[in-house]
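Heads up: the structure comes next, in structure tokens.
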Protein chains: 2
Amino acid sequence: MRWQDIDQQPCSLARTLAIIGDNWTLLVLRDCFMGVRRFDDFQQRLGVTRHVLSDRLRKLTEGGVLDKVAYQERPLRHEYRLTAMGKELYPVIVHLAQWGDKHLAGEHGAPLIRYHRQCGEPLEAQLQCSHCGDTVKPTDIRVEENPHWKGKLMPGRTG
Amino acid sequence: MRWQDIDQQPCSLARTLAIIGDNWTLLVLRDCFMGVRRFDDFQQRLGVTRHVLSDRLRKLTEGGVLDKVAYQERPLRHEYRLTAMGKELYPVIVHLAQWGDKHLAGEHGAPLIRYHRQCGEPLEAQLQCSHCGDTVKPTDIRVEENPHWKGKLMPGRTG
DNA sequence: ATAGTTGGTTCCTATTTGGAACTTATAGTC
DNA sequence: GACTATAAGTTCCAAATAGGAACCAACTAT
């Protein structure tokens, strides 16, 4: 199977990765969440080649994560802004960065520190169930198949 | 800059993606969290070519996400298990899948449904601050640079 | 003796990436 | 009027990576 066909799979993770799972794409999103909006700014900050950047921005736009809007005419110029759907990816970015902070930081510590405004402490994010408000650990989650794909998604043993 | 050199950047997200940000790697992790441990099982479930799978499992192992352990001798056979460090990536998987469930599900709905055992409801995960226990929204987070990289990490405008 | 299992490696072709130069449309400066 | 700069790409080519299939090693089972 080709990587570009993974959006055909009955898997929400695979479909998500079809939009944001390519090399460089999550770094593009990182910069989006830091306020970067313009092509050349992305290119200089990331060091990615221009035509790869062009491709990734196009995929993100087609996937509904970014919105390409004109910020001037004569000459026509566009910038890329996170959509509401795109902003919902923030928890993914936070958890990825937090994992790196914890396990991969060098001698100088984490490059960026995120603080929770309300309590003032450095943020240590964890999962919370929006129904009951409890903290969720991996073992607290029970996975069930949608009957439509019965038996095709999960191996015999789960864990 | 080459993709394989992004772990050189002073960015926790970039360093994390150097380990798990390649095409296919997050799908390998998805299967790890579903209990898959063996080479041929990964290969059949993912449809990825064997030498790409071999490469990704090696990178995950070198990165400390998976542990390659012998489960029999004569003939010697290995399997891949999540390390404690690897298990901490679960929130990333949950949020990615949840985003796909919400925005990319087809007519039959989400393929897998995750339930929170404690309350019995389908899980809707959100960010929680482990210090104060409050729910965290993107705008609740204030980002500061580590002084060591002052001025090199963030653009003038943040948001 | 033959076939099957498991965890890969090798080979070749096709696609994607990295790097640099080029393009289009316009504004500003000499 | 001729240059230079800016922004957002596109084009070109060489190098690296992916896809697909076959092959291999070290056993076990029939």
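Proteins get letters first, then strands, A, B, ... in listed order; numbering begins at 1 in each.
Ring pair A:Phe42/A:Tyr80 is perpendicular by interplanar angle, where above 60° counts as perpendicular and below 30° as parallel. Using the six-membered ring where Trp is involved, B:Trp24 and A:Trp3 have ring planes that are perpendicular, over 60° apart on the 30 and 60° scheme.
With hydrogens and angles disregarded, no donor-acceptor distance shorter than 3.5 Å links the side chain of A:Arg30 to the backbone of A:Ala97.
For the pair A:Arg2 CZ and D:dA21 P, the computed distance is 11 Å after rounding to whole Å. Spacing between atom CD of A:Gln43 and atom P of C:dA21 amounts to 14 Å, rounded to whole angstrom units. Distance CZ (A:Phe39) to P (C:dT24): 17 Å, rounded to an integer number of Å. One can place CZ of B:Arg37 at 16 Å from P of C:dT6, the figure rounded to the nearest angstrom. Distance CG (A:Leu46) to P (C:dT17): 14 Å, rounded to an integer number of Å. Summarising the geometry, the separation between CG on A:Asp40 and C1' on D:dA8 is reported as 6 Å, rounded to the nearest angstrom.
Residue-level contact check: A:Tyr80 touches the backbone only, with heavy atoms under 4.0 Å from sugar-phosphate atoms and none from bases.
Using a 4.5 Å heavy-atom cutoff, the side chains of B:Val69 and B:His78 are not in contact. With contacts defined as side-chain heavy-atom distances shorter than 4.5 Å, the pair B:Val65/B:Thr61 does not qualify.
Side-chain proximity of A:Gln4 to C:dT16, C:dG18, C:dG7: nearest is C:dT16.
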Practice item. Go through the steps for B:Leu57 and B:Leu66 under the test side chain to side chain contact (heavy atoms under 4.5 Å, CB included), then give the verdict. Key: CA-CA 8 Å; B:Leu57 289 171; B:Leu66 298 181; 3.8 Å; yes
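Across B:Thr83, B:Asp55, B:Ile20, a single residue satisfies side-chain contact (heavy atoms from CB on, under 4.5 Å) together with B:Leu60, and that is B:Ile20.
A cation-pi contact, defined as under 6.0 Å to the ring centre and within 45° of the axis, is absent between A:Arg77 and A:Tyr71.
In the hydrophobic clustering of ILVMFWY residues, with side-chain heavy atoms under 4.5 Å counting as a link, A:Ile113 and A:Leu123 come out apart.
Residues of residues 10-25 of chain B having a heavy atom closer than 4.0 Å to DNA chain D, listed by number: B:Trp24. Non-hydrogen atoms lying under 4.0 Å from DNA chain C are contributed by B:Arg50, B:His51, B:Ser54, B:Lys68, B:Tyr71, B:Arg77, all within residues 50-77 of chain B.
Comparing A:His78 and A:Met1 by the nucleotide of DNA chain D that holds the closest heavy atom to each, the one mapping nearer the 5' end is A:His78.
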